[in-house]
Amino acid sequence: MRKQKIAGRIALLAMAAALAGCASAADPNAMVTTSVPTAAPFPEKLQHAMCVRTVTGGESTNPLWVSKVGNDGFKAALSTSLDRVGLSAPASGCSYPIDVNLLGLSQPMMGFDLTVTSHVNYKVYDSSGQPLLLSTIDAPYTAKVGDAFIAVERMKLANEGSIRTSIDMFFDKLRTTTPK
């Protein structure tokens, strides 16, 4: 009888582990902005003149813990987003380099609807190396149970959505920046 109880508990733990799944890193393609051009265009001097120089502060994902956003994935998402909105420079013509520091992700421990807030510091420099834009953006995004039943997948979606929202907010700031 006792062996049956132990076997039952082990089977229950195995099912819980299977349902929990393994965490995976945020997908760069899912972090690319889906922003459409607004009535406020980007300043002409920034068009086809920007590039991502560095991204720091990201973390690797431990499959046994929780999804994170890595530096390479964030850099790829921001670079692709710049390209989509017409801001990325040709390889040899970057007049406005961008340095990004992912200060952190505020992630819940558990829940049905998971809200992640990314804290990202963006620094844009002009061709002489002087700061053009220095901005820290806090961007929340909520992934709901209907988006993904498994919590680790919802957390990944919330991370991706938060970075995508952060990039959108960064672009809004660029639209109101006046390059020298």
Side-chain angles (χ1 to χ4, degrees), residues 23-62 65-108 114-143 155-180:
S24 58
D27 177 5
N29 294 319
M31 295 185 289
V32 172
T33 184
T34 54
S35 173
V36 292
T38 63
F42 292 103
E44 192 173 324
K45 285 187 176 184
L46 297 181
Q47 294 175 18
H48 306 291
M50 302 185 81
C51 62
V52 183
R53 184 167 52 190
T54 63
V55 174
T56 59
E59 295 181 52
S60 297
T61 297
N62 178 344
W65 189 231
V66 66
S67 178
K68 297 290 183 181
V69 175
N71 294 334
D72 292 340
F74 195 142
K75 186 174 185 175
L78 182 55
S79 295
T80 301
S81 296
L82 287 169
D83 194 47
R84 282 193 179 172
V85 298
L87 294 178
S88 61
S92 62
C94 182
S95 301
Y96 296 94
I98 305 166
D99 292 332
V100 177
N101 184 10
L102 176 55
L103 301 172
L105 297 171
S106 296
Q107 299 174 311
L114 301 178
T115 300
V116 170
T117 301
S118 59
H119 310 281
V120 182
N121 183 261
Y122 294 91
K123 300 173 194 163
V124 179
Y125 299 93
D126 65 18
S127 55
S128 67
Q130 295 301 309
L132 174 67
L133 172 67
L134 304 173
S135 182
T136 299
I137 296 174
D138 300 320
Y141 184 87
T142 301
M155 184 71 76
K156 178 179 175 270
L157 293 175
N159 288 343
E160 293 164 349
S162 179
I163 297 299
R164 190 172 53 249
T165 301
S166 178
I167 293 171
D168 282 337
M169 293 169 76
F170 170 59
F171 284 178
D172 287 344
K173 290 192 179 288
L174 285 176
R175 285 183 175 94
T176 61
T177 301
T178 307
K180 298 171 188 165

Handout entry: Interatomic spacing from CD1 in I167 to CG in D172 - rounded to 0.5 Å
Key = 12.5 Å

Exercise for the section: Report yes if some heavy atom in the side chain of L87 is under 4.5 Å from a heavy atom in the side chain of Y96; otherwise report no. Expected result: no

Problem - Sidechain-backbone polar pair: S162 side chain, A158 backbone, donor-acceptor under 3.5 Å - result: no

Exercise for the section: Please tell me if the side chains of L102 and V69 come closer than 4.5 Å, counting only heavy atoms from C-beta onward. Expected result: yes

Completion exercise
CE of M50 to SG of C94, rounded to nearest 0.5 Å, is 8.0 Å

Handout entry: Euclidean distance, T142 OG1 relative to L157 CG, rounded to 0.5 Å
Key = 12.0 Å

Practice task
Could you check whether the rings of F74 and Y122 sit parallel, tilted or perpendicular, using 30° and 60° as the cut-offs?
Solution key: perpendicular

Handout entry: Sidechain-backbone polar pair: R175 side chain, A40 backbone, donor-acceptor under 3.5 Å
Key = yes

Exercise for the section: Determine yes or no for a side-chain-to-main-chain donor-acceptor pair under 3.5 angstrom, with S81 supplying the side chain and V32 the backbone. Expected result: no

Exercise for the section: For the residue pair F171 and L82, establish whether any side-chain heavy-atom pair is separated by less than 4.5 Å. Expected result: yes

Completion exercise
Of all heavy-atom pairs linking L46 and L174, the shortest is CD1-O, 3.9 Å

Exercise for the section: Measure the shortest side-chain to side-chain distance between P97 and V124 over non-hydrogen atoms and say whether it is less than 4.5 angstrom. Expected result: no

Practice task
Determine, step by step, whether I98 and F170 satisfy the side chain to side chain contact (heavy atoms under 4.5 Å, CB included) criterion, reporting the C-alpha distance in whole Å, the side-chain angles of both residues, the deciding distance to 0.1 Å, and the verdict.
Solution key: CA-CA 11 Å; I98 305 166; F170 170 59; 4.1 Å; yes

Practice task
Please determine, by modelled atom types, if T136 and H119 share a side-chain donor-acceptor pair under 3.5 angstrom.
Solution key: no

Handout entry: Heavy-atom side-chain contact between V120 and M169 under 4.5 Å
Key = no

Exercise for the section: Any chance you could measure S95, atom OG, to D126, atom CG, to the nearest 0.5 Å? Expected result: 9.5 Å

Exercise for the section: Before accepting this row, confirm whether a basic side-chain N of the pair D72/K75 lies closer than 4.0 Å to the acidic partner's carboxylate O. Expected result: no

Exercise for the section: Kindly compute the distance separating CG (N121) from CG (L134), expressed to the nearest 0.5 Å. Expected result: 7.0 Å

Handout entry: Distance in Å, L114 CG paired with M155 CE, rounded so as to fall on 0.5 Å steps
Key = 5.0 Å

Problem - Side-chain donor-acceptor contact under 3.5 Å, T117 with S106 - result: no

